[in-house]
> 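Structure provided below as structure tokens; questions to follow.
Counting convention: from 1, in listed order, for ligands and their atoms alike. The structure displayed is predicted, hence computed values, not measured ones.
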Amino acid sequence: MSRIITVGAAQLGPIQRAEGREIAVARMVRLMERAHARGVELVVFPELALTTFFPRHYLENIADADPWFESAMPSNETAPLFAAARRYNIGFHLGYAERTEDGHHYNTAILVSPAGEILLKYRKVHLPGHAAFDPKRAVQHLEKRYFEVGNLGFPVIRAPMGGIELNMGMLICNDRRWPEAWRVLGLQSVELVMCGYNTPSLNQSAAGFEAHHLRVFHSHLSVQSGAYQNATFAVAVAKAGTEDGCELFGHSIIVNPQGEIMAQATSWDDELVTADCNLDMCTLGRTTIFNFAAHRRPEAYARITSQVGAEQPEVWQGK
Ligand code: ING
């Protein structure tokens with residue numbers, strides 16, 4: 001009997017700085033209604049789905065950023081999402097800014113069951129951008145200022161969803177560009193990776209020009225290769241559109257273990273994209289080309305965990 005789950009990439013359009021989280025939650029509940037009508041069993045929302053992408057804003061007093069963080073999950077504002085999950089019997093993934101009881105701040109994602117249990121939590125490990133205000137930048141990208149590096153590793157959980165059991169894991173935005181992150185999930189036999197993102201459509205660092213089409217290409221390349229090289233499905237979901245004048249690209253995708261894009265968003269607004277994922281498709285890759293037990297050689301990979309930055313190579317001396 002094939003294990004098939006119908007997933008929904010619930011892309012969000014822009015959320016303006018002045019908009020309260022109840023507006024985003026209402027839009028997300030409408031996407032869950034639409035998902036229910038289409039037989040979707042698991043909905044994946046973007047990174048930082050409740051607020052504008054606030055790391056683009058520099059606040060002198062970092063405590064002034066706290067209103068962008070959730071200190072409870074669910075809270076009064078997010079309870080409608082949990083109620084919709086119960087009403088429609090749909091699980092969901094949600095990206096949000098987490099403030100812990102002991103005052104730590106993370107860029108977090110959770111996986112919630114239809115009954116409202118939090119099955120898995122992940123805190124973003126790869127924080128791009130910079131920690132201090134950068135006057136050279138047209139727009140700031142201050143994730144290293146507002147968030148701590150995630151301290152939960154890259155966990156995978158086997159849990160019931162959509163009438164089957166499957167192995168689920170999460171990445172957040174920049175994580176998708178790092179093959180090590182995918183491999184840690186792959187080494188836990190992940191079958192479905194959920195990844196929300198907020199990606200500016202223009203390069204904001206003064207390091208040089210990068211054509212827009214390459215920004216989208218790099219995003220898809222990262223997700224498609226991560227899925228293929230770890231024989232897993234992947235759902236990568238954007239928050240898109242122009243937030244306070246800053247453009248984020250959409251192009252949310254659902255990818256199969258062969259690295260093929262099964263479905264893709266075509267707007268830069270609230271849009272639900274769905275696909276039936278037959279998890280038996282993971283078997284071919286992980287029993288042949290990516291049979292890790294048969295083919296990996298960890299003794300040759302020491303640099304991957306012993307080094308942070310790149311070193312200079314040995315110089316050829318002739319002879
Ligand atoms: N955003 C971007 C991302 O990794 C970025 C930052 C864009 C880094 C393009 C490098 C190149 O998609 C987040 N939020 O990580």
> Who's touching ligand 1 if we go heavy atoms under 4.0 Å?
E47, F53, K124, P128, H141, E143, C173, N174, R176, R177, N198, T199, R215
> Over 60° means perpendicular and under 30° means parallel, so classify the ring planes of W68 and Y146, tilted if in between.
perpendicular
> Decide, yes or no, whether a salt bridge links R30 with D270 under the criterion of side-chain N to carboxylate O below 4.0 Å.
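No, no charged N to carboxylate O under 4.0 Å.
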> Do F147 and F69 pass the ring-ring contact (aromatic ring centres under 6.0 Å, His included) test, and can you show the C-alpha distance, the side-chain angles, and the key distance before you say yes or no?
CA-CA 10 Å; F147 303 121; F69 287 79; 5.8 Å; yes
> Can you list, pair by pair, the side-chain donor-acceptor contacts under 3.5 Å of residues 257-264, counting residues two or more places apart and other chains?
residue: E260; atom: OE1; partner: N256; partner atom: ND2; Å: 2.7

> Under a 4.5 Å cut-off applied to non-hydrogen side-chain atoms, are D134 and Q140 in contact?
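Yes, side chains in contact.
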> Among T52, N198, T51, which one satisfies side chain to side chain donor-acceptor pair (under 3.5 Å) with E243?
T52
